[in-house]
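What you see is a predicted model, and the numbers here were worked out from it, not measured in a lab. Side chains included, hydrogens not; waters and symmetry mates left out as well; all remaining heavy atoms used.
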Amino acid sequence: ISTTKSKSESNPAYLTKRILKSVTKKAFTEAAEETMDVMGYNLVAKDGWLVKVYKDGHFEKIGKLKAVPGPPSGKFFD
């Protein structure tokens with residue numbers, strides 16, 4: 001039994017890492033754009049700080065982030 005559909009079909013029957021990364025990136029981008037439209041700013045982590053980034057591009061440091069144990073590269077998966 002095959003776990004994939006035929007090559008002529010564009011939707012595979014399984015979820016690949018590449019598909020998952022692509023879909024989540026698109027979803028996060030759309031959510032950030034919508035939040036910016038509704039709230040006028042987004043909160044992001046940048047260079048060890050929690051930062052509020054406004055529509056006009058200026059930013060405000062909210063607080064320093066504490067380091068937590070985890071992968072040194074910041075990547076959770078290969």
Review item, side-chain donor-acceptor pairs of residues 48-64, under 3.5 Å, at least two apart:
from, atom 1, to, atom 2, distance (Å)
Tyr54, OH, Glu60, OE1, 2.8
Asp56, OD1, His58, N, 3.1
Asp56, OD1, His58, ND1, 2.5
Asp56, OD2, His58, ND1, 3.1

Same cluster for Met36 and Val44 if Ile/Leu/Val/Met/Phe/Trp/Tyr side chains link at under 4.5 Å?
no
Sorted by chain and residue number, the side-chain hydrogen bond (donor to acceptor under 3.5 Å, both in side chains) partners of Asp37 (sequence neighbours excluded) come out as none
Kindly say whether Lys25 contributes a backbone atom to a donor-acceptor pair with the side chain of Thr29 at under 3.5 angstrom?
yes
Which distance, rounded to the nearest 0.5 Å, do you find between the CD of Glu34 and the CG of Asn42?
11.0 Å
Who passes side-chain contact (heavy atoms from CB on, under 4.5 Å) against Val23, sequence neighbours left out?
Ile19
